[in-house]
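A short write-up of the structure that comes next.
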Amino acid sequence: MTRVNENYAKLPGSYLFSGIAKKVAAFQAAHPETEIIRLGIGDVTQPLAPAILKAMHQAVDEMGHAETFRGYAPEQGYLFLRDVIAREDFQKRGCDISADEIFISDGAKCDAGNIQELFSLDSVAAVCDPVYPVYLDSNVMAGRTGQYHEDTGKFDGVVYLPCTEANGFLPELPKEPADLIYLCFPNNPTGEAIKKEDLQIWVDYANQNGSVLLFDAAYEAYITEDGIPHSIYECEGAKTCAIELRSFSKKAGFTGTRLGFTVVPKELIRGNASLNAMWARRQGSKYNGAPYIIQRAGEAVYSPEGSRQVEEQIGRYLFNAKTIREGLAAAGYTVYGGVNSPYIWMKTPGNMKSWEFFDHLLENAGIVGTPGAGFGPSGEGFFRLTAFGTYENSLKALERIKKL
Ligand code: MLT
């Protein structure tokens with residue numbers, strides 16, 4: 001008799017955003033007259049920029065001619081894309097990252113779930129609380145955690161790093177040993193960013209303790225302030241302790257198109273093993289790369305036209321964030337994030353539980369957000385709104401919340 005992976009049974013309910021989508025669909029079916037404003041899942045709404053589309057069209061045409069047709073993509077990704085990433089995202093910021101340390105993929109969410117395969121099952125994972133659920137879920141599925149406790153909202157065997165108002169949503173160093181430390185800055189869901197000197201503390205800690213930092217920089221394109229690192233490799237010594245995850249989803253609207261990459265430095269060695277060689281081996285066997293057409297689209301993001309168009313889109317999302325953040329603050333709400341990030345992290349009014357506020361907002365204002373408790377126990381009492389809607393919808397949502 002085949003036995004299933006029983007670790008899946010430890011996971012509570014459905015994936016956060018799938019659960020919310022079902023709730024919203026049920027509400028819409030019962031209230032077809034309500035015009036719902038969706039500020040829940042962090043999904044982009046602006047169409048792909050013209051320079052990206054042009055590159056995609058050209059690549060599609062190439063695929064239709066024998067001379068320019070491409071079959072399997074190289075397992076690490078095409079060099080034309082890895083080269084431009086190494087130069088524009090890293091070397092121009094003073095980070096010594098080369099094309100052979102970059103691995104193209106079908107998105108950071110997949111990489112965030114897959115990267116834990118490189119580590120032994122007895123590795124202890126440390127996650128921020130609240131946290132983007134994928135880091136935790138993938139470690140649960142792999143069997144790296146104990147049971148889930150409904151009363152605390154925590155799994156045994158995981159080191160939780162609370163991010164609260166008291167610590168400015170910046171986690172403190174783990175008090176217990178941790179092997180894999182997941183950090184995401186600018187942060188999802190709190191929207192808060194980390195200064196370079198504060199990130200350096202984590203790099204020093206990881207180097208001293210032999211931990212590996214899994215640094216999710218999916219939102220780096222939203223950084224507006226000086227002194228906030230775009231990459232962990234801006235910190236000294238990061239190449240011996242950190243893997244970085246990057247995404248084109250929020251940077252250039254690729255949530256549906258799918259494109260991302262991991263950076264696994266050649267200096268990152270644990271035991272006798274090179275993690276760069278291990279990840280290359282993994283990508284060779286299992287592959288979660290991206291098609292030629294999409295990699296050409298990614299290359300166009302770095303062209304002068306493409307980067308200008310993408311920056312304009314990001315500017316529009318950031319303007320939504322500012323509008324929501326300042327509007328809510330003026331209406332007396334306590335709000336965080338939204339300056340270097342497309343997420344606004346608001347305190348629920350009157351100490352309302354976050355799922356209670358979710359229902360309240362949906363039923364009385366027709367607005368979908370994400371309850372903080374869905375991201376972990378320290379998210380209770382908070383609520384995430386995204387700035388990925390249109391400006392009109394952001395304004396409309398604000399007006400509806402003010403009237404509650
Ligand atoms: C989010 O809304 O936090 C994510 O981007 C959605 C996801 O990747 O599941």
Side-chain angles (χ1 to χ4, degrees), residues 11-24 36-46 105-116 127-141 163 169 182-193 214-222 245-262 288 290 313-314 317-318 320-321 324 336-338 340-346 354-355 358 361-362 367-376 378-379 382-389 393-394 397:
L11 290 164
S14 54
Y15 178 57
L16 175 64
F17 296 105
S18 320
I20 290 176
K22 281 190 198 125
K23 261 177 170 266
V24 175
I36 294 181
I37 301 178
R38 294 166 199 275
L39 305 181
I41 191 163
D43 197 2
V44 291
T45 54
Q46 295 178 63
S105 74
D106 55 352
K109 184 175 183 177
C110 313
D111 285 335
N114 294 330
I115 199 77
Q116 47 76 31
V127 294
C128 291
D129 167 27
V131 69
Y132 176 45
V134 180
Y135 319 140
L136 191 53
D137 286 2
S138 55
N139 276 290
V140 175
M141 291 169 182
C163 299
F169 303 102
Y182 289 84
L183 295 176
C184 172
F185 286 107
N187 188 259
N188 177 14
T190 68
E192 289 292 317
L214 300 167
F215 187 75
D216 186 345
Y219 298 94
E220 63 78 32
Y222 288 81
L245 310 174
R246 288 278 190 116
S247 169
F248 284 71
S249 288
K250 321 295 160 113
K251 177 188 172 101
F254 280 56
T255 53
T257 311
R258 309 305 302 157
L259 187 65
F261 61 92
T262 49
N288 62 305
Q313 292 193 336
I314 291 171
Y317 290 135
L318 279 168
N320 291 348
I324 298 172
Y336 298 97
N340 296 296
S341 144
Y343 296 126
I344 293 105
W345 189 238
M346 67 182 287
S354 60
W355 277 105
F358 173 88
L361 211 54
L362 183 58
I367 297 170
V368 183
T370 311
F375 296 104
S378 296
F382 288 88
F383 200 77
R384 193 192 77 174
L385 293 173
T386 88
F388 286 125
N393 271 355
S394 304

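Keep in mind that the numbers below use all heavy atoms, side chains included, and drop hydrogens, waters and symmetry copies. Nothing here was measured: the structure is a model prediction, and the numbers come from that model. Note that ligands are numbered from 1 as they come in the structure, with each ligand's atoms numbered from 1 the same way. Positions are given from 1, in the same order as the sequence printed here.
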How close does the nearest protein non-hydrogen atom get to [atom], and which residue and atom is it?
{"atom": "atom 9 (O) of ligand 1", "answer": "Tyr15 OH, 2.5 Å"}
{"atom": "atom 8 (O) of ligand 1", "answer": "Tyr132 OH, 2.6 Å"}
{"atom": "atom 5 (O) of ligand 1", "answer": "Lys250 NZ, 2.5 Å"}

Can you check side-chain contact (heavy atoms from CB on, under 4.5 Å) on Val131 and Phe375, steps first, answer last? CA-CA 5 Å; Val131 69; Phe375 296 104; 5.7 Å; no
Once you restrict to heavy atoms under 4.0 Å, what part of [X] touches ligand 1? Side chain, backbone, both or neither.
{"X": "Phe375", "answer": "neither"}
{"X": "Asn188", "answer": "side chain"}
{"X": "Tyr219", "answer": "side chain"}

Can you see whether [X] engages [Y] through a side-chain donor-acceptor pair at a distance of less than 3.5 angstrom?
{"X": "Tyr132", "Y": "Asn187", "result": "no"}
{"X": "Thr262", "Y": "Asp111", "result": "no"}
{"X": "Tyr182", "Y": "Asn139", "result": "yes"}
{"X": "Arg38", "Y": "Asn393", "result": "no"}
{"X": "Tyr222", "Y": "Tyr317", "result": "no"}

Yes or no on side-chain contact (heavy atoms from CB on, under 4.5 Å) for Phe388 and Asn320, after CA distance, side-chain angles and deciding distance? CA-CA 8 Å; Phe388 286 125; Asn320 291 348; over 6 Å; no
Can you list the ligand 1 atoms lying under 4.0 Å from a non-hydrogen atom of [X]?
{"X": "Ile41", "answer": "2 (O), 6 (C)"}
{"X": "Phe17", "answer": "1 (C), 2 (O), 3 (O), 6 (C), 9 (O)"}
{"X": "Arg384", "answer": "1 (C), 2 (O), 3 (O)"}
{"X": "Tyr343", "answer": "1 (C), 2 (O), 3 (O), 5 (O)"}

Does Gly42 reach ligand 1 with a nitrogen or oxygen that is under 3.5 Å from one of the ligand's nitrogen or oxygen atoms?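 Yes, at least one N or O pair falls under 3.5 Å.
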Within-4.5 Å side-chain heavy-atom neighbours: Phe358 and Ile20: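 Answer yes - side chains close enough.
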